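So the structure is just underneath, and the comments pick up after that.
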Amino acid sequence: MSTSILSLHTDDYRTKGLRKQLIDSLAEKGISDPLVLEAMRNIPRHFFLDPALDKIAYEDRAFPIGEGQTISQPYTVAYQSELLNITPGERVLEIGTGSAYQASVLAEMGAEVFTIERQQKLYDKVQKSYPFAERHRKLYFFYGDGFKGLPQYAPFDKVLVTAAAPFVPQALLDQLKPEGMLVIPVDEGDAQRMKRIIKKADGRLIEELYDVFRFVPMLKGKNEQSRK
Ligand code: SAH
C-alpha cells in the first residue's frame with residue numbers, strides 16, 4: 001500500500017520508517033498478537049489525520065480529529081485489538097468510528113467490521129473518503145447511536161467500544177454470539193477500566209478486568225447539528 005488516491009498523503013520511506021519504530025515500541029510494551037502488529041504495520045496512521053500532522057502521526061498519542069473527538073493512541077488501538085483475539089472472518093461491531101483508524105486495523109486483520117458513529121460530520125467524512133475502500137470491502141460504516149448496537153446485523157463474534165462507557169449497554173451484550181466477547185472501557189471516576197466480557201455458550205457472562213485508560217465519552221443519541 002503506497003499512495004492513497006483520495007487523500008493528500010503519501011507513504012514514503014520516512015513515514016514507513018516512523019511506523020516501523022512505533023510498531024516495534026508497541027511490541028516492547030507487550031503487544032504480541034502477530035495479526036495486530038502486522039495490521040498496524042500495514043495501515044498508515046497518518047492517512048487518518050490532517051496532513052499537517054504527518055510528521056507526528058507516529059508518536060504514541062491521541063490526536064484531535066474534529067468535533068471534539070480524537071483518534072485513539074496507537075497503544076490503545078493495539079491493546080483493544082489484542083484483547084478481541086480476532087480470527088479472520090469474524091464479524092465485529094465497533095462503537096465509535098471516529099477517524100476509522102481502529103476499524104481499518106480490524107479490517108486489515110481480516111474481520112468483517114460494522115462500525116457506528118454518532119457525529120454526523122465524522123460519519124460523512126469516513127463514508128466519503130475512507131482511504132482503503134477497495135482493500136477493505138467488508139468494512140461498513142453506520143451513522144447512529146452505539147448504545148443501541150446494530151440489531152439488524154447481529155449477532156456478532158466480537159463487539160468493541162472505543163469511547164468511555166458510563167455502563168455496559170445491555171443491547172451490546174444481547175447482540176453477542178454465544179462464546180463472543182465485548183471489549184469496553186467503563187467509567188471509574190475520571191478514567192476507565194478496560195473490561196472484557198465473555199458470553200459463555202450457556203449465556204453466562206464472565207467479566208475480566210484490565211488496565212486503566214482515558215477515552216472521550218460515549219454519548220447518547222445522534223448528533224446531527226453543526227453540519228457545514
Ligand atoms: N475508534 C476511533 C476512536 C474515536 S474516539 C478511532 O480509531 O479514531 C470515540 C468516538 O466515539 C468519537 O468519534 C465519538 O463521536 C464516538 N461516540 C461517542 N458516543 C457514541 C455513541 N453512543 N455511538 C456511536 N459513536 C459514539
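Counting convention: from 1, in listed order, for ligands and their atoms alike. For reference, positions follow the sequence shown, starting with 1. Every value quoted in this text rests on a predicted model; they were computed, and no experiment measured them.
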Quick check on contacts: which atoms of ligand 1 are under 4.0 angstrom from a heavy atom of [X]?
X      : answer
Ser72  : 3 (C)
Met218 : 18 (C), 19 (N), 22 (N)
Leu122 : 13 (O)
Ser99  : 6 (C), 7 (O), 8 (O)
Ile116 : 24 (C), 25 (N)
Phe147 : 22 (N)
Gly144 : 23 (N), 24 (C)

Looking at ligand 1, would Ser104 count as a contact under a 4.0 Å heavy-atom criterion?
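Contact absent.
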Between ligand 1 and Thr97, can you find any atom pair, the residue atom being a heavy atom, that is separated by under 4.0 Å?
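So Thr97 counts as touching ligand 1.
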Can you tell whether the side chains of Glu59 and Arg61 come within less than 4.0 Å, N to carboxylate O?
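Yes, this pair counts.
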Is the closest basic N to carboxylate O distance between Lys200 and Asp202 below 4.0 Å?
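Looking at Asp202 together with Lys200, the answer is no, because their closest N to O distance does not fall below 4.0 Å.
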Is any N or O atom of Val216, backbone or side chain, closer than 3.5 Å to an N or O atom of ligand 1?
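N/O-N/O distance below 3.5 Å does not exist for this pair.
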Backbone or side chain, does any N or O of Gln119 fall under 3.5 Å from an N or O of ligand 1?
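Min N/O separation from ligand 1 is not below 3.5 Å for Gln119.
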May I ask you to identify, for [X], whether its side chain, its backbone, both or neither come under 4.0 Å of ligand 1 on a heavy-atom basis?
X      : result
Ala103 : neither
Ile71  : both
Glu94  : side chain

In this structure, which one of Glu67, Gln119, Glu117, Lys121 forms a side-chain hydrogen bond (donor to acceptor under 3.5 Å, both in side chains) with Asn223?
Gln119
Among all protein heavy atoms, pick the one closest to [atom] and tell me residue, atom and distance.
atom                    : answer
atom 22 (N) of ligand 1 : Leu219 O, 2.6 Å
atom 10 (C) of ligand 1 : Gly96 CA, 3.7 Å
atom 5 (S) of ligand 1  : Thr70 O, 3.1 Å

Considering only heavy atoms, which of [options] lies nearest to [atom]?
atom                    : options                     : answer
atom 12 (C) of ligand 1 : Lys220, Gln73, Glu67, Gln69 : Gln69
atom 15 (O) of ligand 1 : Glu117, Arg118, Gln102      : Glu117
atom 18 (C) of ligand 1 : Pro217, Pro74, Gly146       : Pro217

Evaluate the salt bridge (Lys or Arg N to Asp or Glu O under 4.0 Å) criterion for residues Glu208 and Arg196: first the C-alpha distance (whole Å), next the side-chain angles of each, then the deciding distance (0.1 Å), finally the verdict.
CA-CA 5 Å; Glu208 299 171 345; Arg196 181 162 74 176; 2.7 Å; yes
Can you give me the closest heavy-atom contact between Arg214 and Asp190, atom names plus distance?
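Smallest interatomic distance, heavy atoms only, reads NE-O, 3.3 Å.
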Please work out which of the three classes, parallel, tilted or perpendicular, describes the rings of Phe114 and Phe156, given edges at 30° and 60°.
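Taking Phe114 first and then Phe156, their aromatic rings stand perpendicular (interplane angle over 60°).
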Quick one: sort the His46 and Tyr58 rings into parallel, tilted or perpendicular, breaks at 30° and 60°.
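The rings of His46 and Tyr58 stand perpendicular, inter-plane angle above 60°.
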Below 6.0 angstrom between ring centroids: does that apply to Tyr140 and Tyr153?
no
